[in-house]
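Here's the structure, in structure tokens; my notes come after.
Keep in mind the model is a prediction, meaning the values are calculated, not measured. The figures here come from the full heavy-atom set of this structure, side chains too, leaving out hydrogens, waters and symmetry mates.
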Amino acid sequence: MNRPSSHKTDWLPYTVPRPIDYWIRLAIILGATGILHKHPCSIANESNSVESAAANPAAYQPAGAPADPKVQARWNFYRDYAQTTELLKQITAAHPDLCRLESLGKSHGNREMWILTITNFKTLRAPDYPFQESNGPDTSPADSAVDMPSSDIDKELTRPAYWIDGGIHANEIQGVDTSLYTAWFLTEMFNRNATITRLLNERIFYLLPMMSPDSRDAHMYRPNSTNSPRSGQWPVDDDLDGLVDEDGPDDLDGDGHITQMRIRDPNGRMKSHDVYPDMMVPCNPDETGHYTLLGTEGIDNDGDGLVNEDGDGIYDPNRDWAWQWQPRYVEDGAYKYPFSVPENRMVADFIMAHPNIAGAQSYHNTGGMILRGPGVLSEKWPAADTEVFDQIGKQGELMLPGYRYIGSMSNLYEVHGAEDDWFFVMQGVFAFTNELHTPFNLFKQESKHGGYFGKQEDLRKFDEYLLFGDGYISWHAMNHPQYGKIEIGGQKKNWNRQPPSFMLEEECHRNMAFTLFHADQMPQVSIDSIQVRNSGNGPIEVTAAIINRKRIPTHSELDIQQRITPPDRASLAGKNVKIITALSADDMFFKEATSQHRASHEVRLRNVPSMKPVYVRWLVHGPGPYTVSIRSVKGGVARKVWAGDSGD
């Protein structure tokens, strides 16, 4: 082998002769490390094994995900339904104190609708309420006015919760993997990372990785394009001819991808790109074209003169939610009525049974967007709520380079019956929709004039230099039963809307980090202080300052207006303590106080805002000790005991 003289000659083993004992020693070293004993297939199979983190205590730990997790998982490929199910079961088995895996029910295709609950169940189950000690030893009065949770689900509802779902549009496949990565990272980093440990001690995460499990497998294992199937698999008569799903796309060349069809036409208005000949571009007004595009690959299966007009489904699962729902003639993709998609009904029932959900994230693709509502032109949300969305969404722009934080209706398009609108307006939950994968990631620079998918020239350039031509199928001739001699070619289904393998893990991690930031900003009530004033000749004043040091209030402004979530409740209890009346105010001097004479042991508070205390004062007889408790549907619970001298 001839090499330029400027190159060193000892960088490859065969460039310099080695003595036989060198190769013997090398074989001994490789054998001791196990490298010579591992077939490549056996190494790949280890990706789904469950191992103890102590198995490799000397592993070098990079910043980020652990190098020696209990559950070995790769994040450079997309899992199908069975692989997703297996990973969820492995995570649950490896972390029984953090995980509960259950099914909401079966999909149309008889697949489980898996939901994974993640929190530190040990701290959830004992004690029922966190104690904060004040002015004396901790006590637990027998006649506490706050009802203690009587079951595990009741205890669960005392902790603020965060909802994550992926794959409502099944062709937007990386949403499932981002949800899975979140579950894996949370469980593996518990007791390794202080922030993650704190989050699982304070929060509950409900993760539904696959909202359309049937269509996920359909996308992977049946011929489809990168855009299909967006729908679920419930059969629908799209063209109203009495038949269902009888004329979908056809894989004419059997390559597993639904691409495009073109026909040579001297009067056509399309031509080949000058640099990328397989790329079709419109002709200039003053030039003659060579081709006419015929649409996606397929034939007229039902003899009605149309091609591909009735494929699987047609309904859009993200046009099925109850708020601002409209029928199909108004909103394309709407089904029969709100929650007529059974999988969505299961999800909605679970969410409504868990009012402690205070934040939510739905993963879609593509275009690199952090979306919030409202989704319809006729609706405007309170400025105070928009400010909360802005604080979180703008942080997301920093964490997700190339993403834009925008309003769905004002900056994208109008949507009736969207999930995130239903979350906010009907459940009082601050919810975002992330459109995963951005053209910015192609070359880490803005892809101008390319829309959601990026400029076509940039996509072709990326395919040439980083995918080595693996993103597209070259045009090739076919005989079509309706059109005659045509050509088929174009983009593969696994490219453009979804990142290639080597970009997937970063996409998962950055989006997960944004959701964890959002989850950390959910309300968390605490009792800042208790002051007791005894004048000696009248009732004793017991004043508590209740605070929420998070960016999200316990109730949105819209929630307050529409009375969506029950009020927060501040309670006072103590042995031999008689409560006369109670007051609440937003200022410590009670200048504009609200009195509550009836059931004054439990003061109803319409909201505990972000960073600003709410004050509650009870007038009582009895020397104490006094136990103050606060319970918020979305902001958690806290309890503090004053056991000092009542004459302070």
Side-chain angles (χ1 to χ4, degrees), residues 129 145-147 157-161 323 351-352 354-360 373 379-389 391-392 422-431 521-530 541-573 579-619 628-640:
Y129 284 84
V146 176
D147 296 331
L157 294 179
T158 66
R159 185 170 285 182
W323 183 250
I351 292 167
M352 289 187 289
H354 294 78
N356 56 321
I357 296 174
E379 193 167 334
K380 186 176 181 180
W381 292 351
D385 296 337
T386 300
E387 183 179 351
V388 175
F389 276 110
Q391 290 175 358
I392 298 170
W422 175 81
F423 255 123
F424 183 68
V425 180
M426 300 192 75
Q427 305 303 313
V429 175
F430 284 87
Q521 299 310 315
M522 294 189 303
Q524 185 76 59
V525 294
S526 63
I527 300 167
D528 191 57
S529 64
I530 300 175
E541 292 182 1
V542 180
T543 305
I546 297 166
I547 195 164
N548 163 32
R549 291 188 171 88
K550 300 295 182 178
R551 299 190 189 188
I552 299 177
T554 59
H555 298 71
S556 69
E557 187 63 31
L558 186 65
D559 189 332
I560 295 170
Q561 294 173 8
Q562 302 296 332
R563 300 178 182 270
I564 301 167
T565 306
D568 305 324
R569 297 180 296 162
S571 302
L572 179 71
I579 300 174
I580 302 170
T581 190
L583 307 169
S584 62
D586 294 333
D587 68 287
M588 67 177 68
F589 301 107
F590 288 80
K591 292 180 179 179
E592 296 183 5
T594 300
S595 61
Q596 183 177 316
H597 301 296
R598 302 181 65 179
S600 53
H601 68 282
E602 187 174 82
V603 178
R604 294 180 293 278
L605 306 173
R606 69 170 192 166
N607 188 33
V608 181
S610 170
M611 304 295 181
K612 185 180 179 182
V614 173
Y615 298 90
V616 181
R617 177 172 292 167
W618 290 270
L619 301 181
V628 176
S629 303
I630 176 69
R631 182 166 185 174
S632 172
V633 172
K634 297 190 182 301
V637 298
R639 183 167 69 175
K640 195 168 189 176

Is the shortest side-chain heavy-atom distance between Leu157 and Pro355 below 4.5 Å? yes

Polar contact flag, side-chain donor to acceptor under 3.5 angstrom, His597-Thr581: yes

Where is the tightest heavy-atom contact between Arg617 and Met588, given as atom of each residue plus distance? NH2-O, 4.1 Å

Closest heavy-atom contact between Gln561 and Pro382? NE2-CG, 3.9 Å

Heavy atoms of other groups near Glu387 CD, more than 12 under 6.0 Å: no

Closest non-hydrogen contact found for Lys550 with Pro523 is CB-CA, 4.1 Å

Lys634 (side chain) donor-acceptor with Pro160 (main chain) under 3.5 angstrom: no

Between Phe424 and Asp385 the two heavy atoms that sit nearest each other are CZ-OD2, 3.5 Å

Just wondering, do Ile552 and Ile392 contact through their side chains at under 4.5 Å, heavy atoms? yes

Interatomic distance, CD1@Ile351 vs CZ@Phe423, rounded to 0.5 Å, equals 3.5 Å

Do Val388 and Phe430 pass the side chain to side chain contact (heavy atoms under 4.5 Å, CB included) test, and can you show the C-alpha distance, the side-chain angles, and the key distance before you say yes or no? CA-CA 9 Å; Val388 175; Phe430 284 87; 3.7 Å; yes

Calculate, to the nearest 0.5 Å, the distance between atoms CG and CD belonging to Asp587 and Glu592 respectively. 7.5 Å

Enter the distance from Thr386:OG1 to Leu558:CG here, rounded to the nearest 0.5 Å. 10.0 Å

Determine whether Ile564 and Met426 satisfy the following criterion, side chain to side chain contact (heavy atoms under 4.5 Å, CB included), listing intermediate values before the conclusion. CA-CA 7 Å; Ile564 301 167; Met426 300 192 75; over 6 Å; no

Is there a side chain to side chain contact (heavy atoms under 4.5 Å, CB included) between Trp323 and Glu379? Walk through the geometry before answering. CA-CA 11 Å; Trp323 183 250; Glu379 193 167 334; 2.9 Å; yes

Are any of the side-chain heavy atoms of Pro609 and Val614 separated by less than 4.5 Å? yes

Any chance you could measure Leu619, atom CG, to Thr543, atom OG1, to the nearest 0.5 Å? 8.5 Å

Quick one: do Gln596 and Ser584 satisfy side chain to side chain contact (heavy atoms under 4.5 Å, CB included)? Show the steps, please. CA-CA 8 Å; Gln596 183 177 316; Ser584 62; over 6 Å; no

Any sub-3.5 Å donor-acceptor pair from Asp559's side-chain atoms to Thr565's backbone N or O? yes

Nearest atoms (heavy-atom pairs only) where His555 meets Arg606: ND1-O, 3.2 Å

Nearest non-hydrogen partners of Pro553 and Asn607, listed with the distance: CB-OD1, 3.7 Å

Can you tell me how far apart CH2 (Trp618) and CD1 (Ile580) are? Round to the nearest 0.5 Å. 14.0 Å

Name of the residue among Arg549, Lys612, Lys640 meeting salt bridge (Lys or Arg N to Asp or Glu O under 4.0 Å) with Asp528: Arg549

Backbone N or O of Gln524 within a donor-acceptor pair of the Asn548 side chain at under 3.5 Å? yes

Can you tell which of Thr594, Val616, Thr554, Val525 makes a side chain to side chain contact (heavy atoms under 4.5 Å, CB included) with Leu605? Val616

Rounded to the nearest 0.5 Å, what's the gap from OG on Ser571 to CZ on Arg604? Could you check? 10.5 Å

